[in-house]
Amino acid sequence: MTKYRIIQGDCNEVLDRLPRAATIFADPPDGINLGYDKFRDRWADDHTYAAWLAAQTLRWVESADTTWVSYNAKHDVLYKHALVESVLERYPEIEIKPFVQVFTFGQYRAEDCANNHRPLVRLRWPDAPLFPNAIKVPSWRELNGDRRAKKGGRVPGDVWDFPRVTGNSKQRREWHPTQLNELLVERAIKLTTPEDGRVIDLFSGTGTTLRVCKRLGIACQAVELSGNYCRRIARENEIGLWKLSKGRIIRVGANHAS
């Protein structure tokens, strides 16, 4: 199988045709009526969105050792409640661990406290490996010259401080409404993926996870519904464009399938 691919198609239809992965990373539509290219991000109500996302998550955990889901804080309570009803009732052995991305510069709101965080949840099978040494960061003692500091840093906690990717960020691709910080995605992938493992990115968007995996040398199969987004990702990363057609994943413009 080609090490890096961007595949145009419905995420679950493509997932059915991919081998099991070490890590799935999912950054699905936010459920707040954003203007994506091909996906209609409109929902009857918040309960409907949370139930949809929980049902999708149940499907995803069956295809990877560990699944990460990043989602809008608006849906945090309803989504976690739905996860218990869907995932844990089916697979009580799965560990669900909440994480939080925090950022200093959230959207300003004069009438109330603004949202300065984004939830991230990790769903992990009991035998799925972790690689905490791969994500160590300098401790406060190291940074401040304390002799008691242990060399090599410390494993960070479950609150991760990474800024939002806004218009003035060098990471920003203006042709997509939302984008995660590459360092956030990198930390998640390094924590749960061996060097010879495989990552599946179910909502590729601007290709953030694919870029990170290429930088780390980890195989990645990226999936995206929009042909426009797929073409941009393929050009930027200098990789082939693939498409789900009649139940097969084929390379666009070539008689090659996998």
Classify the angle between the aromatic ring planes of Phe162 and Trp160 as parallel (below 30°), tilted (30 to 60°) or perpendicular (above 60°).
perpendicular
Indicate yes or no: at least one non-hydrogen side-chain atom of Ile233 is less than 4.5 angstrom from one of Gln8.
no
Holding to side chain to side chain donor-acceptor pair (under 3.5 Å), I want the full list of residues that pass it with Asp41, two or more places apart in sequence or in another chain.
Trp43
Determine the minimum heavy-atom distance between Phe103 and Arg118, stating which atoms define it.
CE2-N, 3.9 Å
Under a single-linkage rule joining Ile, Leu, Val, Met, Phe, Trp and Tyr whose side-chain heavy atoms are separated by less than 4.5 Å, which residues share a cluster with Val165?
none
For residues Leu216 and Glu186, determine if any side-chain heavy atom of one lies less than 4.5 Å from a side-chain heavy atom of the other.
yes
Hphob cluster co-occupancy, Ile24 + Ile218, side-chain heavy atoms under 4.5 angstrom
no
Passing candidate, ring pair (Phe, Tyr, Trp, His ring centres under 6.0 Å) with Phe203, options Phe25, Trp60, Tyr71
Trp60
Taking the side chain as every heavy atom from C-beta outward, state whether Gln171 and Arg211 have any atom pair closer than 4.5 Å.
no
Count the heavy atoms belonging to other residues, nucleotides or ligands that lie under 6.0 Å from CZ of Arg90, then report whether that count exceeds 12.
no
Step by step, work out the side chain to side chain contact (heavy atoms under 4.5 Å, CB included) result for Ile239 and Lys3.
CA-CA 10 Å; Ile239 60 174; Lys3 189 170 185 178; over 6 Å; no
Hey, does Ile96 have a side-chain heavy atom less than 4.5 Å from the side chain of Val121?
yes
Side chains of Val223 and Ile6: does their closest heavy-atom pair fall under 4.5 Å?
no
I need the minimum non-hydrogen distance between Ala73 and His117, along with the two atoms involved.
CB-NE2, 3.7 Å
Heavy-atom side-chain contact between Val69 and Leu120 under 4.5 Å
no
Could you tell me whether Lys151 and Glu142 make a salt bridge, using a distance below 4.0 angstrom between a side-chain N and a carboxylate O?
no
Between Ser86 and Leu58, the two heavy atoms sitting closest are O-CD1, 4.1 Å
